[in-house]
Number of protein chains: 2
Amino acid sequence: MQKYRNIGIKLTPQRLAVLEFLEGNKSHPSAEDIYRAVKNRYPMISLATVYNILETLKEKGLVQELNIDPSKKRFDPDTSSHHHLICMGCGKVIDISMDYSPHIPETAIQGFEVKRVHLELYGLCQDCREK
Amino acid sequence: MQKYRNIGIKLTPQRLAVLEFLEGNKSHPSAEDIYRAVKNRYPMISLATVYNILETLKEKGLVQELNIDPSKKRFDPDTSSHHHLICMGCGKVIDISMDYSPHIPETAIQGFEVKRVHLELYGLCQDCREK
DNA sequence: TCTAATTTAATAAACATTATCATATTAGAA
DNA sequence: TTCTAATATGATAATGTTTATTAAATTAGA
Ligand SMILES: [Mn+2]
Ligand SMILES: [Mn+2]
Ligand SMILES: [Zn+2]
Ligand SMILES: [Zn+2]
């Protein structure tokens, strides 16, 4: 609603629907996931539009693209620095926020300028362990 | 040659060519990269075969699949635990090996069993910084 | 209210990866 | 060495994801 006025993009029902679906969403959905969810309320929306919107939101820093899943991109509305547990059993992606400031010795990175750090912890979630 | 006898797979010229190309390779090539490189010496090889071989090598633990690049898988013959610098400018992927055993508090991972840790450092390489 | 700029939706195209299957090759047994 | 069952290859089709195209619709500001 009003809260998205100052983002610097035109407000369309499609964009609002995607923003509302993503708001606080911790499931790290794919474009297809978002499309299906939004389609329930706005059956006329197109998948291409969802891709367009995600691209726009990414540029505006309102969403982050995750490369965690080799078969498709996944999106995260939490753009703060945080890390992920990735279940090798079911593909679930879970946030972990732990105080983490790695000491990276200069010698190890040879003039590379580090802008962002992402930690991936691969393993098995509780549910998948019980099988 | 002889060194690949005990892997538990049939030795074919195609497999040997891929293994030789990957041996000590630090460029984190895609399937297409590998196909192009191997094709120089074995022009009859098919891209599907490269995919088959990579799948087999992955199962045998001789190669690791990286999800670093959103547009395509990349492969790493170094299956030891190590981490990567990823250049947001040119897409280059560089190894970093630093002693890194994060202390992950149990409370942060809620019953998740961590099998593998991968650290991604996004930024700009020396070359890209100079532009 | 009017209008220029932007966005949408439908669809085609591009691209990476996987599936299919007839033919060829490997590795081990005889 | 020869034979043969099991496996691998190569050509190609199929699939799934993402991007490009473009006419029509919508937004936001004058
Ligand atoms: Mn997250
Ligand atoms: Mn590596
Ligand atoms: Zn799981
Ligand atoms: Zn670079």
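In what follows, chains carry the letters A, B, and so on, assigned in the order in which the sequence lines appear, proteins first and then strands, with residues in each chain numbered from 1. Here the structure is a predicted model, which means the values were calculated and not measured.
Among the protein residues, B:P13 comes within range of the sugar-phosphate backbone only, with heavy atoms under 4.0 Å from sugar or phosphate atoms but none that close to a base. Among the atoms of the strands shown, none is found under 4.0 Å from any heavy atom of B:T56. Looking at heavy-atom distances under 4.0 Å, B:S71 makes contact with sugar-phosphate atoms alone, never a base. Nucleic acid contact for B:Q14: sugar-phosphate only, since backbone atoms but no base atoms lie under 4.0 Å from a heavy atom of the residue.
Residue whose closest nucleotide on DNA chain C sits further toward the 5' end, between B:K10 and A:I53: A:I53. Between A:Y51 and A:T12, the residue anchored nearer the 5' end of DNA chain D, judged by the nucleotide with its closest heavy atom, is A:Y51. A residue-by-residue look at A:N52 and A:A48 shows that A:N52 has its nearest nucleotide of DNA chain C further toward the 5' end.
At whole-Å resolution of the value, CG in A:L11 and P in D:dA25 are 22 Å apart. As a whole-Å value, the separation of A:I9 CD1 from C:dT6 P is 14 Å. Straight-line distance from the NZ atom of A:K72 to the P atom of D:dT18: 8 Å, rounded to whole Å. Following rounding to the nearest Å, B:R15 (CZ) and D:dG10 (P) show an atom-to-atom distance of 11 Å. Rounded to an integer number of Å, the gap from B:I45 CD1 to C:dA24 C1' is 15 Å. Rounded to whole Å, the distance from CG on A:L57 to P on C:dT7 is 11 Å. Distance B:M44 CE to C:dT25 P: 10 Å, rounded to the nearest Å. As a whole-Å value, the separation of A:Y42 OH from D:dA25 P is 20 Å.
No side-chain donor-acceptor contact under 3.5 Å links B:D33 and B:H28. Checked by atom type, the side-chain pair A:H82/A:H118 shows no donor-acceptor distance below 3.5 Å.
Looking at A:R15, its side chain never comes within 3.5 Å of a backbone N or O of A:I9 through a donor-acceptor pair. Formation of a donor-acceptor pair under 3.5 Å by the B:D76 side chain with backbone atoms of B:Q64 is not found in this model. Judged by distance alone, with hydrogens and angles left aside, the side-chain atoms of A:T56 form a donor-acceptor pair with the main-chain N or O of A:N52 at under 3.5 Å.
Taking only side-chain nitrogens and oxygens, B:S46 never comes nearer than 4.0 Å to OP1 or OP2 of D:dA11. Contact between the side-chain N/O atoms of A:K73 and the OP1/OP2 oxygens of D:dG16 is not found at any separation under 4.0 Å.
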